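These notes concern the structure reproduced below.
Not measured: the values here are computed from a predicted model.
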Amino acid sequence: MAGAAHAGTLELTVELPKLSVAEYHRPYVAIWIEDASGKVAANLSVWYGTGLKDGEGEKWLKDIRQWWRRTGRSLDMPIDGVSSPTKPPGKNTVKFDTSAGPIAKLAPGEYKIIVEAAREVGGKELVELPFKWAPGAEASSTAAGKDELGAITLKLSK
(Lines give C-alpha, C1' and ligand atoms only; values in the text may rest on other atoms or scores of the structure.)
Protein backbone atom coordinates (compact mmCIF):
# COMPACT_ATOMS: atom_id res chain seq x y z
CA MET A 1 0.00 0.00 0.00
CA ALA A 2 1.48 3.35 -1.04
CA GLY A 3 2.31 5.78 1.74
CA ALA A 4 1.54 3.50 4.71
CA ALA A 5 5.05 3.83 6.16
CA HIS A 6 5.28 7.60 5.58
CA ALA A 7 3.41 9.61 8.17
CA GLY A 8 2.82 13.16 7.05
CA THR A 9 0.19 15.84 6.69
CA LEU A 10 -1.76 17.30 3.82
CA GLU A 11 -2.88 20.77 4.93
CA LEU A 12 -5.30 22.78 2.86
CA THR A 13 -6.26 26.37 3.62
CA VAL A 14 -9.38 27.62 1.86
CA GLU A 15 -10.23 31.30 2.06
CA LEU A 16 -13.90 32.21 1.85
CA PRO A 17 -14.16 35.91 1.00
CA LYS A 18 -16.34 38.21 3.05
CA LEU A 19 -18.87 39.40 0.50
CA SER A 20 -20.88 42.60 0.82
CA VAL A 21 -24.25 41.38 -0.38
CA ALA A 22 -27.78 41.96 0.87
CA GLU A 23 -28.43 38.27 1.65
CA TYR A 24 -25.31 36.31 2.59
CA HIS A 25 -25.35 32.55 3.01
CA ARG A 26 -22.27 30.50 3.84
CA PRO A 27 -21.24 28.44 0.81
CA TYR A 28 -21.46 24.70 0.53
CA VAL A 29 -17.94 23.47 -0.33
CA ALA A 30 -16.63 20.12 -1.58
CA ILE A 31 -12.93 19.22 -1.63
CA TRP A 32 -11.68 16.14 -3.43
CA ILE A 33 -8.66 14.67 -5.21
CA GLU A 34 -8.66 13.61 -8.87
CA ASP A 35 -6.00 11.57 -10.62
CA ALA A 36 -4.42 12.53 -13.96
CA SER A 37 -7.31 10.90 -15.88
CA GLY A 38 -9.92 12.97 -13.99
CA LYS A 39 -11.14 10.04 -11.85
CA VAL A 40 -12.06 10.86 -8.25
CA ALA A 41 -9.32 9.40 -6.06
CA ALA A 42 -10.53 10.66 -2.66
CA ASN A 43 -13.24 12.79 -1.08
CA LEU A 44 -11.56 14.96 1.54
CA SER A 45 -14.21 17.31 2.91
CA VAL A 46 -17.78 18.47 2.30
CA TRP A 47 -19.05 21.56 4.15
CA TYR A 48 -22.83 21.88 4.16
CA GLY A 49 -25.86 22.51 6.36
CA THR A 50 -25.35 19.50 8.62
CA GLY A 51 -27.46 20.82 11.49
CA LEU A 52 -30.63 21.55 9.55
CA LYS A 53 -33.88 19.89 10.53
CA ASP A 54 -34.71 16.54 8.88
CA GLY A 55 -31.45 16.52 6.87
CA GLU A 56 -32.65 19.53 4.86
CA GLY A 57 -29.05 20.54 4.09
CA GLU A 58 -28.41 17.35 2.13
CA LYS A 59 -30.93 18.19 -0.56
CA TRP A 60 -28.83 21.22 -1.59
CA LEU A 61 -25.61 19.23 -2.04
CA LYS A 62 -26.47 18.80 -5.74
CA ASP A 63 -25.76 22.54 -6.15
CA ILE A 64 -22.05 21.69 -5.81
CA ARG A 65 -22.44 20.50 -9.39
CA GLN A 66 -19.10 19.05 -10.47
CA TRP A 67 -18.59 17.22 -7.18
CA TRP A 68 -22.18 15.99 -7.24
CA ARG A 69 -21.89 14.60 -10.78
CA ARG A 70 -18.49 12.97 -10.23
CA THR A 71 -19.00 11.42 -6.81
CA GLY A 72 -21.52 13.13 -4.50
CA ARG A 73 -24.71 11.53 -5.77
CA SER A 74 -23.31 8.05 -5.07
CA LEU A 75 -22.40 8.86 -1.45
CA ASP A 76 -24.52 8.28 1.63
CA MET A 77 -24.23 11.47 3.68
CA PRO A 78 -23.10 12.31 6.30
CA ILE A 79 -19.65 10.70 6.03
CA ASP A 80 -17.56 10.41 9.17
CA GLY A 81 -14.38 12.45 8.80
CA VAL A 82 -15.57 14.10 5.55
CA SER A 83 -18.83 15.92 6.35
CA SER A 84 -18.81 19.07 8.43
CA PRO A 85 -20.85 22.26 8.84
CA THR A 86 -20.40 25.26 6.55
CA LYS A 87 -17.53 27.58 7.43
CA PRO A 88 -17.51 31.36 8.02
CA PRO A 89 -15.72 33.88 5.81
CA GLY A 90 -11.98 33.92 6.36
CA LYS A 91 -9.22 31.31 6.19
CA ASN A 92 -10.36 27.79 6.99
CA THR A 93 -7.74 25.07 7.39
CA VAL A 94 -8.28 21.33 7.16
CA LYS A 95 -5.55 18.75 7.81
CA PHE A 96 -5.33 15.13 6.74
CA ASP A 97 -2.98 12.36 7.85
CA THR A 98 -1.29 11.07 4.69
CA SER A 99 -0.57 7.68 6.28
CA ALA A 100 -4.23 6.85 6.83
CA GLY A 101 -7.51 6.90 4.95
CA PRO A 102 -7.89 7.53 1.22
CA ILE A 103 -4.69 9.59 0.85
CA ALA A 104 -2.58 6.63 2.00
CA LYS A 105 -4.01 4.60 -0.90
CA LEU A 106 -2.84 7.04 -3.59
CA ALA A 107 -0.18 5.73 -5.93
CA PRO A 108 2.70 8.12 -6.64
CA GLY A 109 1.84 10.43 -9.52
CA GLU A 110 0.16 13.59 -10.74
CA TYR A 111 -3.07 14.68 -9.03
CA LYS A 112 -5.14 17.76 -8.44
CA ILE A 113 -7.16 18.92 -5.49
CA ILE A 114 -10.48 20.36 -6.53
CA VAL A 115 -12.29 22.91 -4.34
CA GLU A 116 -15.82 23.76 -5.42
CA ALA A 117 -18.15 26.25 -3.73
CA ALA A 118 -21.83 27.02 -4.27
CA ARG A 119 -23.75 29.64 -2.35
CA GLU A 120 -27.51 30.15 -2.06
CA VAL A 121 -28.47 33.48 -3.65
CA GLY A 122 -24.88 33.61 -4.88
CA GLY A 123 -22.48 32.09 -7.31
CA LYS A 124 -20.56 28.92 -7.93
CA GLU A 125 -16.83 28.51 -8.37
CA LEU A 126 -14.33 25.70 -8.85
CA VAL A 127 -10.55 25.94 -8.31
CA GLU A 128 -7.98 23.25 -9.15
CA LEU A 129 -4.57 22.82 -7.48
CA PRO A 130 -2.25 20.42 -9.31
CA PHE A 131 0.31 18.58 -7.20
CA LYS A 132 2.68 15.65 -7.44
CA TRP A 133 2.09 12.93 -4.86
CA ALA A 134 5.09 10.97 -3.64
CA PRO A 135 4.70 9.46 -0.15
CA GLY A 136 7.09 11.14 2.26
CA ALA A 137 7.84 14.05 -0.09
CA GLU A 138 7.07 17.68 0.64
CA ALA A 139 5.20 19.93 -1.78
CA SER A 140 3.12 23.09 -1.91
CA SER A 141 0.71 24.70 -4.34
CA THR A 142 -1.46 27.80 -4.40
CA ALA A 143 -4.37 29.02 -6.48
CA ALA A 144 -7.12 31.59 -6.07
CA GLY A 145 -10.74 31.95 -6.98
CA LYS A 146 -12.33 35.13 -8.27
CA ASP A 147 -15.69 35.37 -6.48
CA GLU A 148 -16.84 32.62 -4.12
CA LEU A 149 -13.35 31.35 -3.25
CA GLY A 150 -10.25 33.30 -2.28
CA ALA A 151 -6.70 31.99 -1.88
CA ILE A 152 -6.29 28.23 -1.59
CA THR A 153 -3.02 26.81 -0.31
CA LEU A 154 -1.90 23.19 -0.27
CA LYS A 155 1.02 22.06 1.87
CA LEU A 156 2.32 18.49 2.03
CA SER A 157 4.77 17.91 4.86
CA LYS A 158 6.58 15.01 6.48
Lys87 vs Val14, side-chain contact (heavy atoms from CB on, under 4.5 Å): CA-CA, chis, key distance, verdict: CA-CA 10 Å; Lys87 309 291 186 222; Val14 177; over 6 Å; no
Check: Glu125 side chain, Asp147 main-chain N or O, donor-acceptor pair, under 3.5 Å: yes
For Ala118 against Lys124, the heavy-atom pair lying closest together: CB-CG, 3.9 Å
Stepwise side-chain contact (heavy atoms from CB on, under 4.5 Å) check, Glu138 with Lys158: CA-CA 6 Å; Glu138 295 187 350; Lys158 297 183 202 181; 3.8 Å; yes
Separation of Lys59 NZ from Tyr48 OH (nearest 0.5 Å): 14.5 Å
Donor-acceptor contact present, side-chain Glu148 to main-chain Ala117, <3.5 Å: no
Salt bridge (charged side-chain N to carboxylate O under 4.0 Å, His left out) assessment of Glu15 paired with Lys91: CA-CA 4 Å; Glu15 183 180 15; Lys91 292 183 179 182; 5.7 Å; no
Donor-acceptor contact below 3.5 Å, side chain Thr71 vs main chain Trp67: no
For Leu44 against Phe96, the heavy-atom pair lying closest together: O-CE2, 3.3 Å
Closest approach of Gly49 to Thr86 (non-hydrogen atoms, all atoms of both residues): N-CG2, 4.0 Å
Taking every non-hydrogen atom, the tightest pair across Ala137 and Leu156: O-CB, 4.2 Å
Rounded distance [0.5 Å steps], CZ in Arg65 versus CD in Glu116: 9.0 Å
Joint hydrophobic cluster, Val94 plus Trp32, side-chain heavy atoms closer than 4.5 Å: no
Hphob cluster co-occupancy, Ile103 + Ile114, side-chain heavy atoms under 4.5 angstrom: no
Donor-acceptor contact present, side-chain Asp54 to main-chain Glu56, <3.5 Å: no
Working for side-chain contact (heavy atoms from CB on, under 4.5 Å), residues Leu12 and Val115: CA-CA 10 Å; Leu12 191 68; Val115 180; 4.2 Å; yes
Note, Ile152 side chain near Leu129 side chain (heavy atom, < 4.5 Å): yes
Transitive ILVMFWY side-chain link Ile31 to Leu75, under 4.5 Å: no
Nearest atoms (heavy-atom pairs only) where Pro89 meets Tyr24: CG-OH, 3.6 Å
Whether Ser141 side chain and Pro130 backbone form a donor-acceptor pair below 3.5 Å: yes
Reference residue Trp133; test side-chain contact (heavy atoms from CB on, under 4.5 Å); the match among Ile33, Thr98, Asp35, Leu10: Thr98
Closest non-hydrogen atom pair between Leu16 and Pro88, with its separation: CD1-O, 3.7 Å
Polar contact flag, side-chain donor to acceptor under 3.5 angstrom, Thr153-Thr142: no
Exceeds 12 heavy-atom contacts within 6.0 angstrom, atom CH2 of Trp68: yes
Exceeds 12 heavy-atom contacts within 6.0 angstrom, atom NZ of Lys155: no
Asn43 vs Ile79, side-chain contact (heavy atoms from CB on, under 4.5 Å): CA-CA, chis, key distance, verdict: CA-CA 10 Å; Asn43 279 292; Ile79 302 171; 5.7 Å; no
Cluster overlap Trp60 with Trp47, hydrophobic side-chain contacts below 4.5 Å: no
Joint hydrophobic cluster, Leu154 plus Leu106, side-chain heavy atoms closer than 4.5 Å: yes
Value rounded to 0.5 Å, distance of NZ in Lys95 from OG in Ser157: 8.0 Å
